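What you see is a predicted model, and the numbers here were worked out from it, not measured in a lab. Letters A, B, ... are given to chains in the order of the sequence lines, protein chains preceding strands, and every chain is numbered from 1.
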Protein chains: 2
Amino acid sequence: MQKTISPQTLRRLPAYLHYLRVLLKKGAVNISATMIACELNLNDVQVRKDLALVSGSGRPKTGYEIKNLISDIEHCLGYGNGDRAVIIGAGELGCALLTYEGFTEYGIDIVAAFDIDRSMKDTTMNGKQVFSVEKLPAVCSERKINIGIITVEAKDAQKASNMLVENGVMAIWNFAPVHLAVPDHVLVQNENLGSSLVILSKQLANKLGTDQNS
Amino acid sequence: MQKTISPQTLRRLPAYLHYLRVLLKKGAVNISATMIACELNLNDVQVRKDLALVSGSGRPKTGYEIKNLISDIEHCLGYGNGDRAVIIGAGELGCALLTYEGFTEYGIDIVAAFDIDRSMKDTTMNGKQVFSVEKLPAVCSERKINIGIITVEAKDAQKASNMLVENGVMAIWNFAPVHLAVPDHVLVQNENLGSSLVILSKQLANKLGTDQNS
DNA sequence: TAGATTGTTAATCGATTAACAATC
DNA sequence: TAGATTGTTAATCGATTAACAATC
């Protein structure tokens with residue numbers, strides 16, 4: 001039985017993976033937790049603990065073998081599991097995600113985007129297909145889609161969510177600023193870009209305020 | 001002196017604000033922390049503690065007056081401070097953010113997008129301007145830009161970051177999967193969409209695994 | 001008054017960091 | 001061997017939750 005990985009650790013693993021791949025490309029063979037921690041602004045013990053959860057390939061004096069560590073993290077994150085996702089909402093944001101290349105780094109394939117505008121003509125963007133939503137059931141069953149991404153307007157998000165759930169999707173990445181009602185077996189991760197930006201803005205205000213006081 | 005707000009609380013405030021506005025639109029006047037907690041899947045004491053940090057308008061038996069609470073949270077988050085942002089990288093993602101309407105809800109104005117392709121002709125998208133990067137200094141000083149959003153490729157991100165810093169930007173929202181080197185006084189928030197999606201995918205795998213074991 | 005709800009103090013929980021032992 | 005680095009155990013820190021007092 002694999003040890004469970006805390007949400008905090010899970011958020012750091014992709015960052016380790018990315019950095020290790022950069023190192024490998026540069027021709028490095030080994031890396032110490034201290035170096036990784038320094039590069040990513042983390043505590044070195046924390047890095048060691050995170051890596052111990054997924055690897056066990058660390059050796060005193062030499063550190064970790066980069067190649068092994070990469071494949072251990074990939075394995076942990078499910079790289080190669082063949083996860084496939086579809087997007088509902090082929091507006092600006094949906095199309096941006098459809099053609100975004102950063103998902104392949106983690107082994108996830110965005111198969112196609114759909115638009116709830118049923119009159120929409122099927123088309124292609126950068127080699128990826130955009131369909132009217134009528135084709136959703138066929139694509140979901142043929143391509144075994146397990147992840148759905150919602151980029152429609154708030155008012156249409158629940159409908160989009162229902163369609164995804166009906167077609168067997170188990171996890172939803174929701175960019176619409178609404179709380180989705182889904183069955184217990186479905187996982188929802190909300191991504192609110194407005195809220196992310198306002199957090200940054202507030203942190204900036206805090207920083208400026210503190211600087212003035214000091 | 002205002003009490004400092006923890007990062008965790010800060011992440012929940014925009015969600016409260018959004019829900020309160022929905023309630024106000026529906027004609028509601030008062031709301032209890034218990035109700036908010038229920039709607040957003042949070043603990044009610046946590047909600048009360050969060051709100052106590054920004055408001056103080058809660059009254060036993062009746063709860064909080066929605067109008068007051070909204071303006072207290074808005075004030076805390078800096079709504080009305082007139083934060084202005086620019087985007088560097090007018091590709092798919094940059095343009096999607098440029099025309100995304102969810103930022104105005106939190107009082108942040110995306111002024112324009114720039115592309116590092118210097119030969120690019122100035123243009124307009126949904127009423128927002130897209131410029132060649134040469135115009136960045138002028139826009140930053142004229143419009144007092146304090147936030148920069150980076151949506152260029154990884155290899156160009158450091159250059160984009162330097163330009164923003166040189167032009168007085170104090171906070172950077174970075175969508176490129178690289179660690180940016182910036183002076184101490186500049187705040188960076190990294191947003192890695194690939195990593196967000198792989199986290200969801202892993203959580204799904206965990207969930208399926210656990211269900212099978214039980 | 002009684003009951004609902006806030007706000008605060010104390011207890012719990014989990015994550016981070018520090019200290020140190022193990023090992024190559 | 002000595003020194004660098006891992007891995008683990010204990011201490012600290014912060015956030016969440018529980019219990020309860022205050023109040024309208």
Q) In terms of heavy-atom contacts, does CZ of B/R59 have more than 12 from other residues, nucleotides or ligands at under 6.0 Å? A) no
Q) Between B/Y64 and D/dC24, is there a side-chain N or O to OP1/OP2 distance below 4.0 Å? A) no
Q) Rounded to whole angstrom units, what separation is found between the CG atom of B/D44 and the C1' atom of D/dC20? A) 14 Å
Q.
For A/K207 and B/M170: C-alpha separation, side-chain torsions, deciding distance, then whether side chain to side chain contact (heavy atoms under 4.5 Å, CB included) applies.
A. CA-CA 10 Å; A/K207 197 173 179 182; B/M170 303 289 284; over 6 Å; no
Q: Return the value, rounded to whole Å, for the distance between atom CZ of B/R59 and atom P of C/dG7.
A: 11 Å
Q) More than 12 non-hydrogen atoms from neighbouring residues, nucleotides or ligands closer than 6.0 Å to CE on A/M35, yes or no? A) no
Q: Check the pair A/Y100, A/F103 against ring pair (Phe, Tyr, Trp, His ring centres under 6.0 Å), reporting the backbone distance first and the verdict last.
A: CA-CA 7 Å; A/Y100 184 71; A/F103 299 126; 5.1 Å; yes
Q.
Expressed as a whole number of angstroms, how long is the span from A/E65:CD to C/dC24:P?
A. 15 Å
Q: Mark yes or no: B/R21 above the aromatic ring of B/Y79, with NZ or CZ under 6.0 Å from the six-membered ring centre and no more than 45 degrees from the axis.
A: yes
Under 3.5 Å between N/O atoms: give me all the protein pairs with nucleotides 14-16 of chain D, atom names plus distance.
from: D/dT16; atom 1: OP1; to: B/R12; atom 2: NH1; distance (Å): 3.0
from: D/dT16; atom 1: OP1; to: B/Q46; atom 2: NE2; distance (Å): 3.4
from: D/dT16; atom 1: OP2; to: B/R12; atom 2: NH2; distance (Å): 3.2
from: D/dT16; atom 1: OP2; to: B/Q46; atom 2: NE2; distance (Å): 3.3
from: D/dT16; atom 1: O5'; to: B/Q46; atom 2: NE2; distance (Å): 2.8

Q | Lys/Arg-Asp/Glu bridge criterion (N-O < 4.0 Å) met for A/K128, A/D109 | A | yes
Q. Which part of the nucleic acid, if any, lies within reach of A/R48 when heavy atoms closer than 4.0 Å are counted: base, sugar-phosphate only, or nothing?
A. base
Q. For B/I36 and C/dT6, what is the distance between atoms CD1 and C1' respectively, to the nearest whole Å?
A. 12 Å
Q) Stems in DNA chain C: runs of 3 or more consecutive Watson-Crick or G-U pairs, distances under 3.5 Å? A) C:3-24 with D:3-24
Q: Using only heavy-atom distances, determine whether the side chains of A/Y64 and A/N30 contain a donor-acceptor pair under 3.5 Å.
A: no
Q | B/N68 CG to C/dT6 C1', straight-line distance once rounded to whole Å | A | 15 Å
Q) So which of residues 15-33 of chain A are in contact with DNA chain D, with a heavy-atom cut-off of under 4.0 Å? A) A/S32, A/A33
Q) Can you check whether B/K159 reaches B/V152 side chain to side chain, under 4.5 Å on heavy atoms? A) no
Q: Side chain of A/K61 only, please: which of D/dC24, D/dT17, D/dA4 is the nearest?
A: D/dA4
Q: Applying side-chain contact (heavy atoms from CB on, under 4.5 Å) between A/F175 and each of A/I150, A/L97, A/N192, A/N190, report the one that passes.
A: A/L97
Q: Answer yes or no: is there a side-chain heavy-atom contact under 4.5 Å between A/V169 and A/I147?
A: no
Q.
Measuring only between side-chain heavy atoms, which start at C-beta, is A/V54 closer than 4.5 Å to A/L13?
A. yes
